[in-house]
Amino acid sequence: MQALVTRRAKAPSGSSDEGGSPRAGDSDALLHKGGASSAPALGAAPAAPAAGGAAASRSRRLHWALYLLALLAGLGLLLSAVDRPDYTHKSFVKVQGTQLMVDCRPFYAAGFNLENVLLAPMAKMARKLAGEEGGVAMIAPGKYDEDVFRGLDVVIAEAERAGLRVILSFVDNWKYLGGVDEYVDWSDTAPARDKRYPPINKLGDVSTEDFSKERLEYENKRKVLFYTDPGCKRLYKDHVRAVLERRNTASGKLYRDDPAIMAFNLINEPRCSAYETPECTDLFQKWVLDMATHFKSLDQQHLLTVGSEGFWGERDAFKDVNPGASSSDWAAKSGQDFVANNNLPMIDFAAVHLWPTNWGVAHNHTFTRLWIESHVKDCQEMLKKPCLLEEFGHALGDRGLDPPPEAIASERDPHYRAVLDAVEYAIGRGHALSGSLFWRWGLRIYRNDVPGIYGVLPTHSTFKMMAEHAQRVRVHTLAHPSAAECPLDCWVGVQFGPLRRCEHRPSVCAEQRARAAYQKSYDGDSPRLLSHGQPVWTSQAECCRPGLGAFERGCSTTLF
């Protein structure tokens with residue numbers, strides 16, 4: 001593992017700050033998603049935790065990070081799934097080389113993040129067929145709010161019914177409630193919190209804009225205890241076990257046995273400041289190894305990733321690609337080390353996040369492309385495992401509360417287009433990128449809800465762009481041949497007037513394999529999303545499934 005980093009490590013120069021005292025102002029940036037002074041405090045759009053967190057009362061709501069992946073379907077599927085027969089996932093998503101796979105076929109995600117469904121009554125949540133961060137309230141270490149846990153049960157069950165898969169994150173860096181800072185305050189082996197700096201006991205991300213320099217330094221140092229303190233590590237491991245061994249009250253399945261859950265994140269966007277604690281990068285690496293080993297001892301079926309943005313560490317030459325690298329080393333000193341963190345055998349794929357607005361490169365599409373391409377290159381050549389762009393988005397500032405169409409078209413849509421172009425190019429070339437998930441679907445739970453600065457509504461031009469992208473990914477996936485070692489179970493839709501049926505035609509898949517072999521040998525510059533052949537399914541049932549199969553209404557049962 002270390003050899004991979006050393007192969008391209010830069011020799012330290014005489015002006016290097018490695019191991020030295022933090023430069024003025026840089027330490028502060030580590031408590032934000034980005035280094036720019038205009039960046040929202042503590043991140044404007046983090047993925048929230050999958051359960052955990054404390055509450056002073058049962059009414060407090062914490063956040064789960066739950067990514068909903070549109071499986072071979074456009075985003076419009078979610079809006080009409082209530083009228084379709086229930087979908088059931090038979091297989092877990094697996095890794096084969098640099099690809100995610102399901103039933104011998106590549107799995108590409110074209111999905112989205114949500115954050116507010118569990119704040120709604122459970123009946124409404126069920127009708128919405130989606131859910132994200134609302135939370136499982138741990139009112140004391142190891143004690144959960146059962147009502148809210150049942151809410152997540154319904155979310156996962158309804159996501160599967162709609163043909164979706166989800167990703168859960170165990171803990172969040174950005175929020176106090178249920179986040180790493182509250183774990184430290186809970187620990188019976190960590191020093192008590194300084195009374196001068198009481199916890200920010202509220203919902204949402206914690207803003208540090210009014211913190212003094214002394215408090216920022218204190219919070220940075222205290223956060224390190226999450227990765228080193230025995231009590232914190234015990235609480236986290238107990239929490240992981242509680243989630244994996246939870247029996248879903250809506251589906252009856254144990255979480256660890258549920259293929260509707262695609263994967264878990266160890267932590268959302270970790271921070272361990274190397275300014276105050278120079279050894280933070282190594283401490284975080286040891287924590288990842290420990291917790292990933294613990295997870296795999298309990299669950300060998302689900303995929304696991306770290307959940308970081310993907311910053312390169314101080315010893316990696318690619319740290320020059322980090323945001324703000326020309327003027328600050330805040331990202332390299334965040335404690336993350338992309339290659340080392342994801343090179344562990346227990347980590348199945350590498351998560352990447354992209355926040356140009358927060359990082360001070362909001363309209364730099366060159367950075368966007370380079371960020372995606374550089375991570376894909378590392379996944380392809382060094383890690384030899386898949387990448388997934390778990391989060392990307394673009395803030396619209398104050399107008400984001402109810403953005404006008406012209407602001408969406410001129411400010412947000414170009415960023416989304418740059419991301420989707422890079423994603424589709426990588427997928428089309430067969431590179432180590434398994435899709436993307438935008439932040440966030442601005443689902444309106446209550447009448448007065450607004451989408452927020454990152455929210456994307458179905459009425460926005462951005463949503464139409466994402467739906468079209470999801471459809472292109474769907475077509476590409478369905479026209480992609482199954483793995484060579486798999487049987488030619490090849491079902492195609494055939495329509496004769498009002499008669500809709502699915503037929504077994506192995507010759508179609510054989511032709512797909514031959515075409516794919518030819519394209520792989522071609523060294524020219526391929527277009528985005530190569531595959532536009534005949535869609536195929538691996539079983540008659542899948543082919544006939546309404547909406548997700550060959551026909552919107554499914555196969556015919558009669559001629560009428």
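Since the structure is predicted, the reported quantities are computational estimates derived from the model, not experimental observations.
- Note that the CG atom of Asn265 and the CG atom of Leu168 stand 9.0 Å from one another [nearest 0.5 Å].
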>> Under the criterion salt bridge (Lys or Arg N to Asp or Glu O under 4.0 Å), I'd like the reasoning laid out for Arg247 against Asp153: C-alpha separation, chi angles, the key distance, then a yes or no.
In response: CA-CA 8 Å; Arg247 185 171 297 281; Asp153 292 345; over 6 Å; no
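- The aromatic rings of His302 and Phe92 sit perpendicular to each other, their planes meeting at more than 60°, with 30° as the lower class boundary.
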>> Set out, in order, the CA-CA distance, both residues' side-chain angles and the distance that settles salt bridge (Lys or Arg N to Asp or Glu O under 4.0 Å) for Lys319 and Asp316, then state yes or no.
In response: CA-CA 6 Å; Lys319 68 180 182 181; Asp316 197 312; over 6 Å; no
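- Of the N and O atoms on the side chains of Gln301 and Asp258, not one donor lies less than 3.5 Å from an acceptor on the other residue.
- Ring-plane geometry between Trp287 and Phe284 is classed as parallel, the angle between the planes falling under 30 degrees on a 0 to 90 degree scale with a further cut at 60.
- Between the side chains of Trp359 and Glu309, no donor N or O sits under 3.5 Å from an acceptor N or O.
- Results of the ring pair (Phe, Tyr, Trp, His ring centres under 6.0 Å) test with Tyr416 over Phe112, Phe392, Trp439 single out Phe392 as the only residue that passes.
- Closest non-hydrogen pair, Ala159 versus Val166, comes out as CB-CG1, 3.9 Å.
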> For Thr88 and Lys90, what are the C-alpha separation, side-chain angles and deciding distance, and is it a side-chain contact (heavy atoms from CB on, under 4.5 Å)?
Replying inline: CA-CA 6 Å; Thr88 302; Lys90 300 290 196 302; 4.1 Å; yes
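- Residues Lys296 and Leu304 are in side-chain contact: their nearest non-hydrogen atoms beyond the backbone lie under 4.5 Å apart.
- Here CZ of Phe226 is found 6.5 Å from SG of Cys232. Values are rounded to the nearest 0.5 Å.
- A 4.5 Å side-chain heavy-atom check between Arg165 and Phe107 finds at least one atom pair inside the cut-off.
- Using a 4.5 Å cut-off on side-chain heavy atoms (C-beta onward), Leu254 and Leu244 make no contact.
- In this structure a side-chain-to-backbone donor-acceptor pair under 3.5 Å is present from His294 to Lys237.
- The line from NZ of Lys385 to CG of Leu100 is 12.0 Å long, rounded to the nearest 0.5 Å.
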> Yes or no on side chain to side chain donor-acceptor pair (under 3.5 Å) for Glu542 and Trp491, after CA distance, side-chain angles and deciding distance?
Replying inline: CA-CA 9 Å; Glu542 293 292 314; Trp491 294 84; over 6 Å; no
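- A donor-acceptor pair is defined here as one N or O able to donate and one able to accept, closer than 3.5 Å; no such pair exists between the side chain of His469 and the backbone of Ala110.
- Closest approach of Lys94 and Gln300 over heavy atoms only: NZ-O, 4.2 Å.
- Taking the six-membered ring wherever Trp is involved, the centroid distance between the rings of Tyr454 and Trp441 does not fall below 6.0 Å.
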> Going through the distances and angles, do Phe438 and Asn113 end up as a side-chain contact (heavy atoms from CB on, under 4.5 Å)?
Replying inline: CA-CA 6 Å; Phe438 72 89; Asn113 293 270; 5.8 Å; no
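- Contact annotation: the side chain of Leu303 approaches that of Phe349 to within less than 4.5 Å [non-hydrogen atoms, C-beta and beyond].
- Less than 6.0 angstrom separates the ring centroid of Phe264 from the ring centroid of Phe295.
- Side-chain contact annotation: Asp378 with Trp312, donor-acceptor N/O pair under 3.5 Å present.
- Note: Phe311 and Trp330 have perpendicular aromatic rings, judged against thresholds of 30 and 60 degrees for the angle between ring planes.
- Asp172 and Asn268 share a donor-acceptor pair across their side chains, judged by distance under 3.5 Å alone.
- Between the side chains of Gln380 and His431, no donor N or O sits under 3.5 Å from an acceptor N or O.
- Minimum interatomic distance between Leu388 and Ala109 (heavy atoms only, all atoms of both residues): CD1-CB, 4.1 Å.
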> How far apart are the C-alpha atoms of Lys253 and Glu160, what are their side-chain angles, what is the distance that settles it, and do they pass the salt bridge (Lys or Arg N to Asp or Glu O under 4.0 Å) test?
Replying inline: CA-CA 12 Å; Lys253 302 174 186 176; Glu160 179 177 34; 3.2 Å; yes
> Between Arg241 and Asp299, does a salt bridge (Lys or Arg N to Asp or Glu O under 4.0 Å) hold up when you go through it step by step?
Replying inline: CA-CA 9 Å; Arg241 181 183 294 275; Asp299 185 347; over 6 Å; no
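- Counting heavy atoms from C-beta on, the side chains of Met465 and Leu420 come closer than 4.5 Å.
- A donor-acceptor pair is defined here as one N or O able to donate and one able to accept, closer than 3.5 Å; no such pair exists between the side chain of Asp329 and the backbone of Ala332.
- Glu269 places none of its side-chain heavy atoms less than 4.5 Å from the side chain of Ser308.
- Side-chain atoms of Tyr144 do not come within 3.5 Å of backbone N or O of Ala242 as any donor-acceptor pair.
- Side chain of Lys333 to main chain of Ser328: no donor-acceptor pair is present (N/O by atom type, distance under 3.5 Å, no hydrogens or angles).
- If you take OG1 on Thr281 and CZ on Arg315, they are separated by 6.0 Å, rounding to the nearest 0.5 Å.
- Looking only at side-chain heavy atoms (C-beta outward), Asp337 and Gln285 stay at 4.5 Å or farther from each other.
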>> Run Lys377 and Met382 through side-chain contact (heavy atoms from CB on, under 4.5 Å) and show every step you take.
In response: CA-CA 8 Å; Lys377 180 180 177 66; Met382 300 187 74; over 6 Å; no
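- Side-chain contact between Glu390 and Thr305: present, with at least one pair of heavy atoms (C-beta onward) separated by less than 4.5 Å.
- The CD atom of Gln336 sits 9.0 Å away from the CG atom of Asn322 when rounded to the nearest 0.5 Å.
- Listed here is the closest heavy atom pair of Ala325 and Asp320: CB-O, 3.5 Å.
- The structure places OG of Ser434 at 10.0 Å from CE of Met101, a figure rounded to the nearest 0.5 Å.
- Applying the salt bridge (Lys or Arg N to Asp or Glu O under 4.0 Å) rule to pairs touching residues 97-107 yields nothing, sequence neighbours excluded.
- Residue pairs meeting the side chain to side chain donor-acceptor pair (under 3.5 Å) criterion with at least one member in residues 367-376: none, sequence neighbours excluded.
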>> If you apply the rule side chain to side chain donor-acceptor pair (under 3.5 Å), what do you find for Thr462 with Asp413, and how did you get there?
In response: CA-CA 6 Å; Thr462 314; Asp413 286 358; 2.5 Å; yes
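- The residues Asp238 and Arg234 are annotated as not salt-bridged, no charged nitrogen and carboxylate oxygen being separated by less than 4.0 angstrom.
- The two atoms that bring Ile347 and Ala292 nearest to each other are CD1-CB, 4.1 Å, heavy atoms only.
- With Tyr108 as the partner, the side-chain hydrogen bond (donor to acceptor under 3.5 Å, both in side chains) test is satisfied by one option alone out of Glu424, Arg474, Gln99: Gln99.
- Between Phe338 and Cys387, the shortest heavy-atom contact is CZ-SG, 4.3 Å.
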> Passes side-chain contact (heavy atoms from CB on, under 4.5 Å), Asp229 versus Val184? Steps please.
Replying inline: CA-CA 8 Å; Asp229 175 70; Val184 176; over 6 Å; no
